[in-house]
Structures are given as C-alpha cells and as structure tokens.
Amino acid sequence: MRPCNFGSTLAVLAACAAVAQGPVARGQGAPLSSRLVVLDERTQTLTAFREDSLALAGRPGPDRCKLRPLTLVSRDGADLLDATLPQQSDALGTAAIALPDGGWLLRYRDPQNLTAGILWVSAGGRCRVLFEQPLRNGFERLLPHIAVSPLEPRAAVIEDENLTGRGDVWLLRFDGQDFASTGAPAVCVTSTLNSPDAEPHSLVFAAGALFFVDDDRLLRRAPSDGSAQAVALPLPKSGGLTPAEISNEIAVSRDGSTLAFQAGANEASWDLYVASAAGVVKNLSKAPSEYNVAGHTTSEPTGPRMALSDDGATLIYADDVPDLELFSRPTDGSAAPVPFTTDVEFEHSLADGSTVVALFGGPLFSFGEAGFHRDFYRATIAGGAASVSNLTGTSGAFAAPFPKGALLQPTVAARTSGSGVVMVDLLGLGTGTPRYDVWTIDAAGSAPLLGGLLAPPRLVRGGTAANPVLLATVTTSGGDQLWKLPESPSGGATLLLDAPGLSLRGVTLRADGREAALIVSGGVGLEQVVAQDLVSGALRVLTPQPGFAGPATAWSPTGRVLFTYSPTSATHLSAWAEAPAGSGIARRLPRTGGAPRFLVR
C-alpha cells in the first residue's frame, strides 16, 4: 500500500486562509442503541440524536453538565494503551474514563442544581447518573479519583474525608442494572464503619471483589455485587507483630485471581503478602526487608515496580537490602526466590532504583545508574536460574551496560497482544536535543521501528480481537506522519499518511479497526477532517472547506464519523456527521450551543 501524501492540501488551506446528601438517581435515559449523545460545554447540556436519521432525540442526563477531571487509579502503567482495559482519556477536553466498549465514565458538576456526581454514557448513547450528591459549602464531595474493574462493569469512588468527615467508599455499576441491596446503581460499602479513611490509590478490583486500604493499616474487601459491607481481612504477622502499615498500592494479576502488596512495621521493614480474590491472605516472604512498593498509578510513566504474571502464579519484585536487586518467586510459596539481577552485571546500574517491571510472556525491566542512563532487559527463568538479555544495547553487545555515552530512557508505552509491547525511548546523543524512538519487544526479541522523532508519538490502540490495530502519529522535521505499528518485532511499521508541513491530531479508530478518522491542520482555522481506509489507504475529506476543528473526532457504534467543526469561527464550533456513513459527505447537526463533544466513539 502506497502512503497517502497530504502535501497538496497545504496550498488549499493557505488559499482559504487568505479569503476567509446521598446519591440521587435521575436523568436515566431509555436504553436506545440508536442514540448518539453530544455534550455542549458552553451551554452545559446533553443532546441526543438518532443515529439513523441524525434527528434530535431529546435531552438526557443531568439538567446541566460541566465536566470535571476524573483520574483513573490503580492501573499498571504498562497497560495504559491496552484497548481491552479502561483508559484515562483527554479526548473530551478533560480527564475522563474511556471504556473498552466505547462508553464513558464522567465526573460532572451541575451548577444549576448545585450537585455533582458520576455520569455513565454507554456506547449506544444511553446516559445514566450513577451517583450524585449535593455540593457541600460549594465543594464537590467526591475525590477526583476512580477505580474501574477490567473484569466487570464496576467502579469505585471515595468521599473527601476532609470535607465530609468520612472517607466513605461507594461501589458503582454501569451495566444499566441496579444493586439488589439498594435498588440503585450505587451502594456505600463502608456505611457501617465508624470513621472510614480509604486511600484512593489502593482501590483495586479482583474477580468478584473490591479491595482497598483503610487508615493505612487495614485491608478491606467488599463483594462487587454490593451484597455486603467491606470487612477487614486478617493479615498474618510480620516480624512477629501485626502489621502496623500497609502499602497504599496493590498489584493485581490480569485474570483478577491474585493480589500482592507489602505490609509490616514501616516502609523500611516490609513483608511481601499475597491474597486471593476470595480474601485469603498469606505472608509470602516472612523476612521483613525494604521492598519497593507496587507503583501502579497511571501518573508513573515508567510503570510498575512490582508485578504479577497474568495468571497470578509469579511475583516479580525489587528488594533494597543489602542493595537493590530484582527477584522472581511463585506466589504459592513452593520455591525460593530467584534473583535475576546480579552484582557482576548490575552493580553500577541499580544505584538510583530506577526500575520498570512488566510481564509480557516474561519479566521485562529497565535499569539505569542515572535517570537517563538505562537499557531495557528481558529475564528468562528456568530451573531456578535466571538468564538476562539486553534488548536495547545502546552501548554495544560486548560492553558493560553502564555507564554509557548515550542517554536512554525506555518506558513501556502500550501492550499490543499476548506478549507484545511497544516501547517509546527518549534518546539524547550529547546534542542537548532529545529524540524519540519506537521499538517493539516480545518473547521473540526486539526491533526498532521508528527513530529520530521530535516528540513522543501519540499512540492509539483499537480494533477487534481478530483485527487489533495500533497507530502512531509521529512528528518529524518535515511534518507529521501516521503509521501502523506491528503486533510483534517480526513485522514492520507501515506509513499510512504523510503530511509535509502539516500536523495530525484527534486520531480515532472505527470499532472494527478498518478505518481511522483524524484532523489535518495547517494552522488555526486551516483544519480539515479526513477518514482513511487502513487496508487500501484511500482518503476521503469530510469537511466542506478548511476551517476550525474541535479537539477530536469520534465514531458512532455503527461506523459513522462524527466531528466538531466550523468553517468561520472557533468560538462557535458545530457538530457534523458523515451522512450516509462511508459517503464522504458531511452533514451539519442542529446547533447544540457551540462547543459540542461527542460521548460515543
């Protein structure tokens, strides 16, 4: 397939520029699969359209809806772009949670009714308020954090203890059903506790249960069906004493069967603990030491410092005593720990504790003596011994890995499939100017895909299980490009779109992974929305003329391209849709106020 060149559009764009108190359940919409929902940030209203005719179909949801940031917690940084898991997304202009099926979880404020809460918008356009409370002295009572289960339609939020006097935990469900215990989509699982004080970053979902740390010293479990209150789980002793402190982050295996965390007298004297999803806890290490905490929050670009294998059978962790080393051990306690970072090779590279641990068919990790002196490694463990290979080898295969003349900071950027992973590297070669490279790594090896980029690539992951797609928008000295990346190092990257002198943004994938929509920009007011067939490479330009475009494009569940666009003024963006789908003809929807954002994709 020959890449499309959008350079000829530049002249067109230039010519155009010369011319011109408890939760309240309300706002529950009917579960119509043919509705599209648009949020207008200027009027703070939700408007529904019929997908078949694009006609108005009412105003669902809260009376007024102003989006507020909502941060996803307790997620492995290595899985941030895995399309099968909930994502933290800025596609709506503020942090929100994009669900794997195309729906959204949103935190909103209703300035007219002086309330705030959590809104669910399904992929089919159904809106439902999951949880809503009156403002307290003008402030929202929920913390801006949410945990979302990758196993079932459940989420959890916490009230602000400093504002309400209680850090209560609320369990939410977003499948259109209610909890039997409340007859509502929300249930407080700490209402019977005297003074709950849940730690937001400790919220994690396992198979059939929600876990969290309360008051830094209690591990609580609540069934995810809302049938019972959260109860404290007994922890085996550490160093002969009941643990006085529990780490605030918990690792969970991909299948939801196993949890891992640290507990003990203090952070310099932890024991390793594992728990089953049913709530059975055991002390795995029985040797207090300075173990590194899980480190799974999405704000940590280097990913986790402790990880479980997908089936929960193996734990990889770091121990700082007597010096930092990485170990692997079975979670059932059947074998002794296996070290796979020896002082012979890593004596100088572990000084700052810079590590990345992930499991994609085997342990992957990054080490460096300083923040930017790192390589990426894989460890293979067999017969109680570990074999370590340097996957990036910036200093050469025959040299000790550190120190180096070059600067390398690898980070896990996206899980592709099975054991595949795409890695984004920051490389400074003594010039003072950073560059960015893209690699793929899996059990078969590693391979560089794209190099010499001027900015971190913007990655989009989607498609179906049979047709997974990973796209990268990259910036070069000549302009932006759109690439399709392979699932493993055995494949090569494919250039889909070359846009010399132009920038590309707002890339979204159709649900079946066969088409992408994006915004091509020659500057403010010189923007066009296009769709590209990822098989043939064919482009169709959707905007009648260049103009101002919104922050992103979107896809309806049945494959209609939606976008915000105005040929005249950025302050009056209007909603458009391709009608009929696949035709390349854009149709303007009825005005919704001037700043529309589609809540379906």
Could you give me the CA-CA distance, side-chain angles and deciding distance for D319 and L326, then say whether side chain to side chain contact (heavy atoms under 4.5 Å, CB included) is met?
CA-CA 6 Å; D319 187 356; L326 281 186; over 6 Å; no

Treating [X] as the side-chain partner and [Y] as the backbone partner, does any N or O pair qualify as donor plus acceptor under 3.5 Å?
{"X": "R154", "Y": "S224", "value": "yes"}
{"X": "S181", "Y": "G226", "value": "yes"}
{"X": "S149", "Y": "E152", "value": "yes"}
{"X": "Q229", "Y": "S191", "value": "yes"}
{"X": "E132", "Y": "G117", "value": "no"}
{"X": "R220", "Y": "L233", "value": "no"}
{"X": "N137", "Y": "F139", "value": "no"}
{"X": "S269", "Y": "A265", "value": "no"}
{"X": "R221", "Y": "A230", "value": "no"}
{"X": "D168", "Y": "I158", "value": "no"}

Given Y291, which partner from the list Y273, F261, Y317 fulfils the ring pair (Phe, Tyr, Trp, His ring centres under 6.0 Å) test?
Y317

Quick one, V252 with T258, criterion side chain to side chain contact (heavy atoms under 4.5 Å, CB included). Give me CA distance, side-chain angles, the key distance, then yes/no.
CA-CA 6 Å; V252 184; T258 310; over 6 Å; no

So which atom in D255 and which in S253 form the shortest heavy-atom distance, rounded to 0.1 Å?
OD1-OG, 2.7 Å

How close do S257 and G312 get, counting heavy atoms only, and between which atoms?
OG-CA, 4.3 Å

When the ring planes of H145 and H201 are compared, do they come out parallel, tilted or perpendicular, using 30° and 60° as the limits?
tilted

So [Y] and [X], do their side chains get closer than 4.5 Å, heavy atoms only?
{"X": "W120", "Y": "R126", "answer": "yes"}
{"X": "I118", "Y": "V129", "answer": "no"}
{"X": "D214", "Y": "F212", "answer": "yes"}
{"X": "F131", "Y": "L142", "answer": "yes"}

Assess the residue pair W270 and E290 against the criterion (side-chain hydrogen bond (donor to acceptor under 3.5 Å, both in side chains)); give the C-alpha distance rounded to whole Å, side-chain angles, the decisive distance to 0.1 Å, and a yes or no.
CA-CA 6 Å; W270 294 123; E290 196 171 348; over 6 Å; no

Rounded to the nearest 0.5 Å, what separates atom OG1 in T71 from atom CD1 in I97?
7.0 Å

Salt bridge check, R68 against E140: does any charged N sit closer than 4.0 Å to a carboxylate O?
yes

Ionic contact status for D271 with K282, cut-off 4.0 Å
no

Checking N248 against S202: is there a side-chain donor and acceptor pair closer than 3.5 Å?
no

Side chains of N113 and T115: donor-acceptor distance under 3.5 Å anywhere?
no

